[in-house]
Amino acid sequence: MAKWGEGDPRWIVEERADATNVNNWHWTERDATNWSSEKLKELLVGLSVESDEGKCEITEVTKLEGEASINNRKGKLIFFYEWNLKAKWKGTSKSGIKYKGNIEVPNLSDENEMEDLDISVSLCKDEPETPLFDLMKKEGSEKFRVALNSYVGLLKTEFTQGMILPTANGVTKQQTSQNKVKMDKTRIGSSGTAAPTLTTGVKIPTCKFSLRETFLTSPDELYRVFLNQEMVQAFTHTAAIVEPEKGGKFRLLEGNVFGEFQELVPEEKIVMKWRYNTWPSEHYATVTLTFTDKGNETELKVECRAVPESEEDRTREGWQRYYCQAIKQTFGYGARLC
């Protein structure tokens, strides 16, 4: 018989308060169908696109058939989801004429890449031709795709909280087996793929640092880059959720970065609670962005406080490369590094 603490780790009982599923060895499953139904409706209803011809908006999700679940086996999460959905859209021209149509996606599934989704846009029977139909087919369908991508990201982050249980030392090692997205599109300044990590009741040493960058644009425009959802999606190259108001949430890079806006002073300052999803649960850094008008340029000062000491280099590199440099390259604000 093996001594205490020795032998096959599958059979080692750790000192846990609940003594449940030690080492996350046993197969557990969580049904995500109801949560997914509500989340999809939340993300889709109200989506709108606008042009010189008028405005189109998703008004109702009329069909949502399918299921979703998450399995945890040996500390790895396996995602299953398959949906056939249909929604109504309405269009209003600049002259006030109203149009109705549908948008359908029959193959939202873990087996299909997001860019391979079949998104079909149609006008209701007897509706006359309108430029708004083209607007929905092009811009509307892409915005629909972005919302569906956000659902997948939230399924893999928000819904999975607590599925990988802490071990005796309070540390959780959570891995996702089906994330095939490239590193520079999903995470900032690190290699490999990781899903949210929970650490309960652990105090960690923190640090602070600051950066300065110069951009060839106005404070107003640079301020807008951080708060406009379409612009955030442009420089991160992934779906994002950005609520540009005090207390508003943000989530980007497939859910690997998220937080909340605490203070917004137009053209001058943004203060936010900011974190990587791999940081200890509920631990946020405070990030302050200060915009200073330098004539033809804008100086951005980034102050990060309460960053876990072990994450300082990764966080600093992430802000430099995947925020500042990405914004310059995407919008042409290139200037010397400070």
Side-chain angles (χ1 to χ4, degrees), residues 28-49 56-72 77-90 100-114 117-121 136 140-164 174 176 178-179 181 186 195-196 198 229-230 232-233 238-245 247-261 273 275 277 281-282:
T28 59
E29 180 175 336
R30 180 183 291 181
D31 185 0
T33 302
N34 291 336
W35 179 90
S36 294
S37 297
E38 294 303 314
K39 185 61 65 174
L40 283 165
K41 292 176 183 177
E42 175 187 324
L43 292 170
L44 296 173
V45 175
L47 279 181
S48 63
V49 289
C56 298
E57 181 179 354
I58 304 296
T59 58
E60 181 185 359
V61 176
T62 56
K63 181 170 76 172
L64 197 54
E65 299 176 348
E67 60 182 348
S69 63
I70 304 174
N71 292 318
N72 168 18
L77 296 182
I78 305 171
F79 297 88
F80 299 97
Y81 56 91
E82 186 172 9
W83 295 100
N84 180 354
L85 57 92
K86 183 177 181 180
K88 291 182 179 179
W89 64 270
K90 71 175 182 179
K100 295 181 180 180
N102 297 296
I103 182 167
E104 297 184 66
V105 180
N107 64 335
L108 177 61
S109 167
D110 57 274
E111 296 181 352
N112 298 322
E113 297 293 335
M114 195 58 59
L117 289 185
D118 296 324
I119 301 180
S120 174
V121 179
M136 273 302 296
S141 64
E142 284 309 304
K143 201 159 188 177
F144 207 81
R145 191 189 308 274
V146 166
L148 296 179
N149 196 33
S150 294
Y151 154 71
V152 174
L154 292 170
L155 177 66
K156 295 180 178 181
T157 54
E158 180 178 295
F159 187 77
T160 59
Q161 292 290 325
M163 286 199 70
I164 303 296
Q174 180 166 330
T176 302
Q178 294 183 342
N179 194 332
V181 185
T186 58
L198 294 178
Q229 182 166 297
E230 285 74 21
V232 171
Q233 290 175 161
T238 59
I241 297 174
V242 180
E243 301 172 352
E245 59 186 7
K249 311 293 185 182
F250 61 86
R251 181 180 294 270
L252 46 147
L253 296 159
E254 296 292 332
N256 285 286
V257 168
F258 57 93
E260 178 181 309
F261 295 112
K273 290 169 56 181
R275 61 173 274 129
N277 70 341
S281 180
E282 300 304 318

Taking the side chain as C-beta and beyond, is there a heavy-atom pair between Leu43 and Leu148 under 4.5 Å?
no
Would you say Glu82 has more than 12 foreign heavy atoms packed within less than 6.0 Å of its CD?
no
Does Glu230 come within less than 4.0 Å of Lys143, counting only side-chain N to carboxylate O?
yes
Angle class for the Phe261/Phe250 ring planes (parallel below 30°, perpendicular above 60°, tilted otherwise)?
tilted
Rounded to the nearest 0.5 Å, how far apart are CG of Leu44 and OH of Tyr151?
11.0 Å
With the side chain counted from C-beta on, respond yes when Lys90 and Ile58 share a heavy-atom pair under 4.5 Å apart, and no when they do not.
no
Distance (rounded to the nearest 0.5 Å) between Lys88 NZ and Glu57 CD:
14.0 Å
When rounded to the nearest 0.5 Å, the distance separating OG of Ser37 from CD of Glu67 is 11.0 Å
Would you say Val121 and Phe144 make side-chain contact, with heavy atoms under 4.5 Å?
no
Distance alone, cut at 3.5 Å: any donor-acceptor contact between the side chains of Thr33 and Asp31?
yes
Checking the side chain of Asn107 only, and the main-chain atoms of Leu117 only, is there a donor and an acceptor separated by less than 3.5 Å?
no
Mark yes or no for whether Thr62, through its side chain, and Lys86, through its backbone, hold a donor-acceptor pair below 3.5 Å.
yes
Side-chain heavy-atom pair Tyr81, Ser36 within 4.5 angstrom cut-off
no
Can you check whether Val242's main-chain N or O pairs, donor with acceptor, with Gln229's side chain at less than 3.5 Å?
yes
Tightest non-hydrogen contact, residues Gly255 and Asn277, listed as O-CB, 3.7 Å
Under 3.5 Å, side chain of Glu243 to main-chain N/O of Lys249, donor-acceptor pair present?
yes
Please answer whether the main-chain N or O of Ala240 pairs with a side-chain N or O of Gln233 as donor and acceptor at a distance below 3.5 Å.
yes
Is there a side-chain contact (heavy atoms from CB on, under 4.5 Å) between Leu155 and Ile70 once you walk through the steps?
CA-CA 9 Å; Leu155 177 66; Ile70 304 174; 4.0 Å; yes
Test Leu154 against Trp35 for side-chain contact (heavy atoms from CB on, under 4.5 Å), laying out the working first.
CA-CA 11 Å; Leu154 292 170; Trp35 179 90; 4.0 Å; yes
Is it the case that atom CD in Glu245 sees more than 12 heavy atoms from other parts of the structure closer than 6.0 Å?
yes
Report yes if the side chains of Arg145 and Met114 come closer than 4.5 Å at any heavy-atom pair, otherwise no.
yes
Partner of Lys63 under side chain to side chain contact (heavy atoms under 4.5 Å, CB included), picked from Asn84, Asn102, Leu85, Val105, is Asn84
d(Arg30 CZ, Asn71 CG) to nearest 0.5 Å is 11.5 Å
